[in-house]
Amino acid sequence: MELNRTPDSPHPVFSADRIKSVDVVRGVALLGILLMNIPGFGIHWSKFFEIIKGPYDSVDFKTMQTIFIFFEGTMRGLFSMLFGAGMILFMMNKKEVPGAPTVAEYYYRRLLWLVLFGVFNAYILLWRGDILFFYGIAGMLLFPFRNAGTKWLLTLSALCLFVGLLKIDSNYQDLRNKRQAYHAAVKAEKEKKKLTPAQEQAKAEWQEMEKQRTTVDSAIVNKDLEAMHSNYPTIFRHLLPQNAGSETWGGYHGIWDSLTMMFLGMALFTVGFFSNKCNTSTYLLCLIIGYTIGITCSWAMFWKGIIGGVNIGQYVDQYRVGHEILYDWKRVFISLGHASLIMLIYRSQLVPWLMKALSNVGQMAFTNYLMQSIFCTFYFNGYGFDKYNELRFHQLYYVVIIIWIFQLIFSTIWLRYFRFGPFEWLWRSLTYWKIQPMRMHRAEPVANFDKELA
């Protein structure tokens with residue numbers, strides 16, 4: 001790698017040129033993602049069955065209810081919106097230089113490295129919920145729309161949302177068809193008719209599916225727990241098919257929700273939403289609309305869809321359209337509400353010290369995201385502190401708070417001495433194929449956070 005660069009060559013954004021409001025929102029999203037990831041790090045999926053079945057007044061149930069209604073998918077949605085906005089930011093300060101790689105080359109090189117970092121997160125750090133891989137893939141589709149107008153970006157976001165909703169409804173209609181085939185087989189059986197092979201299969205498939213949704217195979221649970229309490233090679237082999245399956249499934253099915261939020265983030269950035277340029281009334285209106293619609297959808301999905309769907313047979317008989325179709329709607333609106341609330345607090349100057357700390361976390365979002373994987377996998381997996389499945393659901397969030405406090409303090413201290421987080425530095429050096437200057441010099445201009453708030 002080269003060390004020197006010319007002033008006109010493409011380079012990372014200097015600290016003084018960063019939009020701090022964007023970093024604040026990104027910092028909140030980054031910390032919030034751990035709210036959703038921590039169960040995947042720390043407990044076996046079978047515990048969800050136990051909590052969902054009640055009692056509904058337990059601490060674990062109330063914690064799950066709160067997390068799902070207000071945060072499930074929304075922090076990832078917020079992070080995806082910032083990723084879309086970040087694509088535009090990446091392009092804004094880049095100029096074509098004769099004889100040098102084009103801006104497009106830098107852009108795609110950046111995303112290809114992000115895909116590889118996602119592979120590193122999944123297969124080396126052993127986090128089966130990695131999003132970097134999908135963001136890298138989805139981000140490659142954004143480039144042709146970098147100069148699209150706000151209306152076109154909103155249209156693209158709506159189109160991706162619609163495709164995702166069609167896929168969700170298609171899966172539910174397949175479920176209803178299986179239920180109808182089961183009813184037909186049961187009816188024929190009651191009429192003393194000999195079942196056809198297809199009816200026998202339909203009946204057996206439905207009964208097996210109901211069994212899987214209502215009971216937990218202790219042998220499978222014990223096998224999973226034994227693997228997660230083992231050494232690194234054993235856990236690697238155990239998670240290998242899960243990671244491979246997740247990336248295959250997510251790359252085909254899950255990409256639509258990412259693109260929905262990324263295009264929405266690009267649109268919002270073009271109107272100055274994330275750069276603190278909208279009127280206070282605009283943010284307040286978005287907050288009210290976002291939370292009213294989003295929380296209503298989320299509440300209905302939780303109580304009618306998840307809790308009501310424990311008895312899957314009765315649920316499918318009752319509803320022609322599943323409540324899961326509300327998931328993307330609630331993500332869009334609650335994410336918008338979260339972003340609006342953050343912007344209102346940011347411009348109110350009520351807690352400038354917290355805003356500055358969140359900005360630091362957001363500036364080091366890549367490092368902090370991977371740091372969460374490192375901390376959590378080492379704390380819960382067998383090759384580390386071996387705490388997997390030993391905490392109750394609500395106790396997982398004590399770990400979250402500890403990590404939050406550490407990352408708020410660590411990011412603030414680190415950025416006093418360095419321009420980038422360690423993984424940001426590596427990513428940028430690989431993107432530009434030049435070793436980036438790391439240490440902060442005293443003479444270097446630094447963004448005046450208090451001045452920007454004014």
Exercise. Yes or no on ring pair (Phe, Tyr, Trp, His ring centres under 6.0 Å) for F83 and Y135, after CA distance, side-chain angles and deciding distance?
Worked result: CA-CA 8 Å; F83 188 89; Y135 276 29; 5.1 Å; yes

For this session: Begin from the C-alpha positions of F380 and F385 and carry the test ring pair (Phe, Tyr, Trp, His ring centres under 6.0 Å) through to its verdict.
Result: CA-CA 6 Å; F380 289 109; F385 286 98; over 10 Å; no

For this session: Mind running side-chain hydrogen bond (donor to acceptor under 3.5 Å, both in side chains) on E105 and T102 for me, showing each step along the way?
Result: CA-CA 5 Å; E105 288 179 81; T102 64; 3.3 Å; yes

Exercise. Hey, mind stepping through M228 and L239 against side chain to side chain contact (heavy atoms under 4.5 Å, CB included) and telling me if it holds?
Worked result: CA-CA 9 Å; M228 295 304 294; L239 296 181; 4.1 Å; yes

For this session: Before giving the answer on ring pair (Phe, Tyr, Trp, His ring centres under 6.0 Å), spell out for F302 and F61 the whole-Å C-alpha distance, their side-chain angles and the decisive distance to 0.1 Å.
Result: CA-CA 12 Å; F302 181 78; F61 183 87; 5.7 Å; yes

Exercise. Stepwise, does the side chain to side chain contact (heavy atoms under 4.5 Å, CB included) test hold for F423 with M371?
Worked result: CA-CA 10 Å; F423 281 105; M371 187 190 300; over 6 Å; no

For this session: Show your reasoning for whether side chain to side chain contact (heavy atoms under 4.5 Å, CB included) applies to F406 and F375.
Result: CA-CA 11 Å; F406 176 84; F375 285 174; 3.6 Å; yes

For this session: Output, in order, the C-alpha distance, side-chain angles, deciding distance and verdict of ring pair (Phe, Tyr, Trp, His ring centres under 6.0 Å) for Y232 and Y383.
Result: CA-CA 6 Å; Y232 183 94; Y383 55 81; 5.3 Å; yes

For this session: Decide side chain to side chain contact (heavy atoms under 4.5 Å, CB included) for V59 and K62; before the verdict, give the C-alpha distance in whole Å, the side-chain angles of both, and the deciding distance to 0.1 Å.
Result: CA-CA 5 Å; V59 178; K62 290 184 178 299; 6.0 Å; no

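M262 is not listed as a side-chain neighbour of L141, based on a closest heavy-atom distance of 4.5 Å or more. Side-chain atoms of M64 and H394, non-hydrogen and from C-beta on, never get closer than 4.5 Å to each other. Using a 4.5 Å heavy-atom threshold, the side chains of L161 and W329 count as touching. Using a 4.5 Å heavy-atom threshold, the side chains of F410 and V361 count as separate. Here the side chains of Y369 and L132 are in contact, with some heavy-atom distance below 4.5 Å. Side-chain contact between F134 and S246 is present, with heavy atoms from C-beta onward closer than 4.5 Å. L336 is listed as a side-chain neighbour of F273, based on a closest heavy-atom distance under 4.5 Å. In this structure, W427 and L114 have side chains that are in contact, with non-hydrogen atoms separated by less than 4.5 Å.
Atom OG1 of T150 is separated from atom CH2 of W152 by 13.0 Å, given to the nearest 0.5 angstrom. A distance of 12.5 Å separates CG of L358 from CZ of R26, quoted to the nearest 0.5 Å. Distance check, rounded to the nearest 0.5 Å: CG of D328 to CZ of F162 gives 13.0 Å. Within the model, atoms CD of Q65 and CH2 of W299 stand 9.5 Å from one another, a figure rounded to the nearest 0.5 Å. Annotation: the span from D23 atom CG to M355 atom CE amounts to 12.5 Å, rounded to 0.5 Å. Between the CG atom in L156 and the CG atom in L142 there is a gap of 9.5 Å [rounded to 0.5 Å].
Ring-plane geometry between Y291 and H338 is classed as perpendicular, the angle between the planes exceeding 60 degrees on a 0 to 90 degree scale with a lower cut at 30. Ring planes of W127 and F41: parallel class, angle under 30° (limits at 30 and 60°). The aromatic rings of Y315 and H323 lie tilted to each other, with the angle between the two planes from 30° to 60°. Under the 30°/60° scheme for interplanar angles, the aromatic rings of F117 and F120 are found to stand perpendicular.
Between K47 and D60 no salt bridge is recorded (no basic side-chain N to carboxylate O distance below 4.0 Å).
Nearest approach of S373 to N121, heavy atoms of both residues: OG-OD1, 2.8 Å. The minimum heavy-atom distance between T377 and L125, with the atom names listed, is CG2-O, 3.2 Å. Minimum interatomic distance between M266 and M87 (heavy atoms only, all atoms of both residues): CE-CE, 3.3 Å. Closest non-hydrogen pair, A339 versus L78, comes out as CB-CD1, 3.6 Å. Counting all heavy atoms, side chain and backbone alike, N276 lies closest to Y283 at CA-OH, 3.4 Å. Taking every heavy atom of both residues into account, V216 and S46 meet most closely at CG1-CB, 3.8 Å.
With R347 contributing its side chain and L344 its backbone, the two residues share no donor-acceptor pair below 3.5 Å. Checked by atom type and distance alone, the side chain of S429 never pairs as donor or acceptor with a backbone atom of L426 at under 3.5 Å. Between the Y107 side chain and the G139 main chain, a donor and an acceptor come within less than 3.5 Å of each other. No donor-acceptor distance shorter than 3.5 angstrom exists from the side chain of R331 to the backbone of T74, with no hydrogens or angles considered. No donor-acceptor pair under 3.5 Å is formed between the side chain of Y379 and the backbone N or O of G384. T260 places a side-chain N or O within 3.5 Å of a backbone atom of W256 that can act as its donor or acceptor partner. E72 places no side-chain N or O within 3.5 Å of a backbone atom of F70 that could act as its donor or acceptor partner. Between the side chain of S340 and the backbone N or O of L284, no donor-acceptor pair lies under 3.5 Å. No side-chain donor-acceptor contact under 3.5 Å links D130 to the backbone of A122. Formation of a donor-acceptor pair under 3.5 Å by the S335 side chain with backbone atoms of V332 is not found in this model.
Donor-acceptor pairing under 3.5 Å is recorded for the side chains of T367 and E424. Side chains of S298 and Y327: no donor on one and acceptor on the other come within 3.5 Å. Using a 3.5 Å distance cut-off with no hydrogens or angles, the side chains of R128 and N243 do not pair a donor with an acceptor. Side-chain atoms of S275 and S21 form no donor-acceptor pair, as typed in the model, at a separation below 3.5 Å. Side chains of N368 and Q372: no donor on one and acceptor on the other come within 3.5 Å. Between the side chains of E390 and Q395, no donor N or O sits under 3.5 Å from an acceptor N or O.
More than 12 heavy atoms of other residues, nucleotides or ligands shown are found within 6.0 angstrom of NZ on K53.
Both tests pass for R110 against the ring of F90: distance under 6.0 Å to the centre and angle within 45° of the axis. Cation-pi check for R76 over F79 is not met; the charged atom does not lie both under 6.0 angstrom from the ring centroid and within 45 degrees of its normal. Cation-pi geometry between K330 and F68 is satisfied (NZ or CZ under 6.0 Å from the ring centre, within 45° of the ring normal).
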Side-chain donor-acceptor pairs of residues 31-39 under 3.5 Å, sequence neighbours excluded:
none

